[in-house]
**Student:** 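Before I ask anything, let me first share the structure, which is written out below as structure tokens.
Computed over heavy atoms, backbone and side chain alike; hydrogens, waters and symmetry mates excluded.
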2 protein chains.
Amino acid sequence: MTSSSAPAPRRATLADVAHAAGVSTSTASVVFSGRTRVSDATRERVLAAAADLGYAGPDPRAASLRLGRSGIVAVVLEGHLRTAFLDPVTIPMMDGLTDGLASLGAGVLLLRDEPGEGEVPALATAPVDAVVLIGCSGRTRASLEIVRARGLPVVVIEGDAGEGIPQITLDNREAAAEMARHIQGLGHERVAAVTLPLDSDRIRGRVTDERLGRATIDVTIERLAGARDVYPDLPAVSAGSSSIDDGVIAGRALLSDPAARPTAILAQSDLLAAGVIRAAEDLGLRVPDDLSVAGFDGIRVDGIGPHMLTTMVQPAVEKGRAAGEQVARMLRGESPESMHLTCRFRAGTTTAAPTI
Amino acid sequence: MTSSSAPAPRRATLADVAHAAGVSTSTASVVFSGRTRVSDATRERVLAAAADLGYAGPDPRAASLRLGRSGIVAVVLEGHLRTAFLDPVTIPMMDGLTDGLASLGAGVLLLRDEPGEGEVPALATAPVDAVVLIGCSGRTRASLEIVRARGLPVVVIEGDAGEGIPQITLDNREAAAEMARHIQGLGHERVAAVTLPLDSDRIRGRVTDERLGRATIDVTIERLAGARDVYPDLPAVSAGSSSIDDGVIAGRALLSDPAARPTAILAQSDLLAAGVIRAAEDLGLRVPDDLSVAGFDGIRVDGIGPHMLTTMVQPAVEKGRAAGEQVARMLRGESPESMHLTCRFRAGTTTAAPTI
DNA sequence: TTGTATGCGTTATCAG
DNA sequence: CTGATAACGCATACAA
């Protein structure tokens, strides 16, 4: 009957165990690390002593000091988890990341990129071996500075950190262009776009050249550029986030005026596309007869009834796994490589030739 | 022009900085920790030397050995992140957790509860100060053993770890009963339930007494018990996961036979409820006229058209925050308290009096 | 206000 | 196969 509030006299250390087993600490250490052969007899004695003293293995803190690594990789997300995980591609990506890191036996430390109420950013003092930055934009830039100052290996997913920092990127521009060509091939001429946020201010509204010039989120910029490679004058509305609700808002903005109504809308994410579809149907438009809607990401979207979104499928899990693998390489002392992953067109039921 | 592949000769240490600044290491240490007054003059000198040597602050690994804590709290999730985050309440809960931990400046280390391919579980060697277990069931039980062996403070969310381990629980049984009474109050007599998985096997199908006896997931057991407090003979079908798709499957199973069709279905999660609604509408039934459907969780569900789910809203963020706060207490040496949080009934448009 | 001494718990090296 | 020794880099009590 051990009470959990019992004041542990003092945790047993490796030295205690060694002493109790009548061996040196180095021998005891080797029993646990297994890096050298030990006779079965002494191993038994050490293990017995350990069990006896309630020793649960080497203290990770001491080990990490000695070894120079902690087995932890930081992932820096923007803002609240709620926000970061609102994007459905985040989860498969994180999953890929943990997979890619598995070869290291490393865990993932979730860090927020917040101002942090005047505190020193956790990133500056976290015992991590490497850092993965996601979407190096705005505030994330500050994280990059900290990381570089600490001299930690870093990989950037979907963002450009410049100067020889390995990055995992998507062919956003080419993929967006491919989708635009699909729409063009169907015969659409009056087309509009709904973009992801332009910067961390996340202001909604018509995308002017001036606003675009100040934009900081690469994904948004690239996907719009790709679409405009095909439709140079493509009008666009920016959303406040990648969500169905924001898609509805942007959709309304583009569809409310029947005179200026496009026949196709290119959304920069599947969630936005779902919102656009909802907005269209609320206005009595039929998809794809009256309006074609294209998405981006290739996630499974609930809530658009019988529709199957026409979209560009991005390799989300691969993205994370690639980042994890590059981190592993850097930690092994090998030189990392930037990787460029490609999206795949997937036809759905939400795009068709215009009927007008 | 610093190349990132430059072989750093050796990272500067606090001692180097102190030496360069012509002060002792303790003085230099204090400059960074700020735990004692230092004259502006020496502070300047130390900082200058640090900048000069590219010293980015104390090595967290050494600091954590010295201080006896790492500022990291582990969260153990079941299976792939994909699976854990499939449950929409996980994200707000994690958010609450990081909030609750914020007072400690602690980060969250995501750990999977996997077999791990014969490797030692990361939990056994991760440099963490405390552990949060989620839904202490089955495999998680093994994690608990490791944690106890290491003598780490631990808090369990929605699970019973027994023996004085603080837990954050929900009034699942009472809440489920409250919902059942709502349905009863509307006049329903033929009612059925769709439950969450019974155990980690996640087998779908009719819930027999025998299967229920072997069930290991407390949430499922409790919510079903609550419903049966009101409808003692309530038939139930278990889902393979908390998802819309699984809700559809369970819904079909319950509704396919017109003769034995219930007039109300109590789903153990909102996603399952959404699936049931979809299954009902696929069969030509109207909700709530032909079938009342109740959910559980109070998340925002897309994909059920105009419906507003009648549900029990659980305090997801609070759950996480409470866990974080208890961890903080334990690390401050105060004794932790188990907390029991309550759900709130929210009326929607998916339940009504039976029309037959 | 600053310096001195000590130990946090390990693990790598190398000699026996 | 085992043991002595020396770091790993830092933060604190205490003395100056």
**Student:** Work out which heavy atom in Ala74(A) is nearest to a heavy atom in Leu111(A); give both atom names and the distance.
**Tutor:** CB-CD2, 3.8 Å
**Student:** CG/Asp95(B) to CG/Asp99(B) distance, rounded to the nearest 0.5 angstrom?
**Tutor:** 6.0 Å
**Student:** Would you say Thr36(A) reaches dT2(D)'s phosphate, i.e. side-chain N/O to OP1/OP2 under 4.0 Å?
**Tutor:**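 The answer is no; no side-chain N or O of Thr36(A) sits under 4.0 Å from OP1 or OP2.
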**Student:** With sequence neighbours left out, write down each residue that passes side chain to side chain donor-acceptor pair (under 3.5 Å) with Thr90(A), or none if nothing qualifies.
**Tutor:** none
**Student:** Would you please name every residue forming a side chain to side chain donor-acceptor pair (under 3.5 Å) with Ser26(A), sequence neighbours left out?
**Tutor:** Ser24(A)
**Student:** Whole angstroms only, please: what is the CZ-P distance between Arg37(B) and dT2(C)?
**Tutor:** 11 Å
**Student:** Sequence neighbours left out, what passes salt bridge (Lys or Arg N to Asp or Glu O under 4.0 Å) with Glu318(A)? Give chain and number order.
**Tutor:**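 Residues passing salt bridge (Lys or Arg N to Asp or Glu O under 4.0 Å) with Glu318(A): Arg321(A).
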**Student:** Under the rule for salt bridge (Lys or Arg N to Asp or Glu O under 4.0 Å), what residues qualify as partners of Arg150(B), not counting sequence neighbours?
**Tutor:** none
**Student:** Measure CZ/Arg69(B) against P/dA11(D) and give the value in whole Å, please.
**Tutor:**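 My rounded result for the distance is 11 Å.
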**Student:** Looking only at heavy atoms, which two atoms of Thr125(B) and Pro60(A) are closest? And how far apart?
**Tutor:** O-CB, 3.3 Å
**Student:** Figure out the CZ/P separation between Arg11(B) and dG9(D), and round it to whole Å.
**Tutor:** 11 Å
**Student:** Counting only heavy atoms and a strict 4.0 angstrom limit, can you tell me which residues of residues 44-58 of chain A come near DNA chain D?
**Tutor:**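 Those residues: none at all.
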**Student:** Which residue pairs pass the salt bridge (Lys or Arg N to Asp or Glu O under 4.0 Å) test with at least one member in residues 14-39 of chain A, sequence neighbours excluded?
**Tutor:**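 Qualifying pairs, neighbours excluded: Arg10(A)-Asp16(A).
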**Student:** Any residue in residues 26-33 of chain A with a heavy atom nearer than 4.0 angstrom to DNA chain D? Just list them by number, or reply none.
**Tutor:** Ser26(A), Thr27(A)
**Student:** Can you check the Leu67(B) CG to dC8(D) P distance for me, whole Å?
**Tutor:**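 So the two atoms are 19 Å apart, to the nearest Å.
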**Student:** Looking for any heavy atom pair under 4.0 Å, which part of the strands does Thr42(A) touch: base, sugar-phosphate only, or nothing?
**Tutor:** sugar-phosphate
**Student:** At how many degrees, to 10°, do the end axes of the helix from dT1(C)-dA16(D) to dG16(C)-dC1(D) meet when each uses five pairs?
**Tutor:**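 About 30° separates the two local helix axes.
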**Student:** Can you see which heavy atom on Phe85(B) is nearest to which on Leu77(B), and at what distance?
**Tutor:**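 Closest approach of Phe85(B) to Leu77(B), heavy atoms only: CE1-CD1, 4.0 Å.
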**Student:** Quick check: closest heavy atoms across Val17(B) and Val46(B), and the distance to 0.1 Å?
**Tutor:**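 Shortest heavy-atom contact: CG1-O, 3.7 Å.
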**Student:** Apply salt bridge (Lys or Arg N to Asp or Glu O under 4.0 Å) to Glu44(B) and list each qualifying residue two or more places apart in sequence or on a separate chain.
**Tutor:** none
**Student:** Could you write out each protein N or O paired with an N or O of nucleotides 6-8 of chain C at a distance under 3.5 Å?
**Tutor:**
from	atom 1	to	atom 2	distance (Å)
dG7(C)	N2	Arg66(B)	NH1	3.2

**Student:** Tell me every residue that passes salt bridge (Lys or Arg N to Asp or Glu O under 4.0 Å) with Glu337(A), counting only those two or more places apart in sequence or in another chain.
**Tutor:** Arg329(A)
**Student:** Could you give the CZ-to-P distance, from Arg35(B) to dG3(C), as a whole number of Å?
**Tutor:** 20 Å
**Student:** Measure CG/Asp40(B) against C1'/dT1(C) and give the value in whole Å, please.
**Tutor:** 12 Å
**Student:** Write out all pairs satisfying salt bridge (Lys or Arg N to Asp or Glu O under 4.0 Å) with one or both partners inside residues 45-68 of chain A, taking only residues at least two apart or from two chains.
**Tutor:**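 Qualifying pairs, neighbours excluded: Asp59(A)-Arg61(A), Arg61(A)-Asp129(B).
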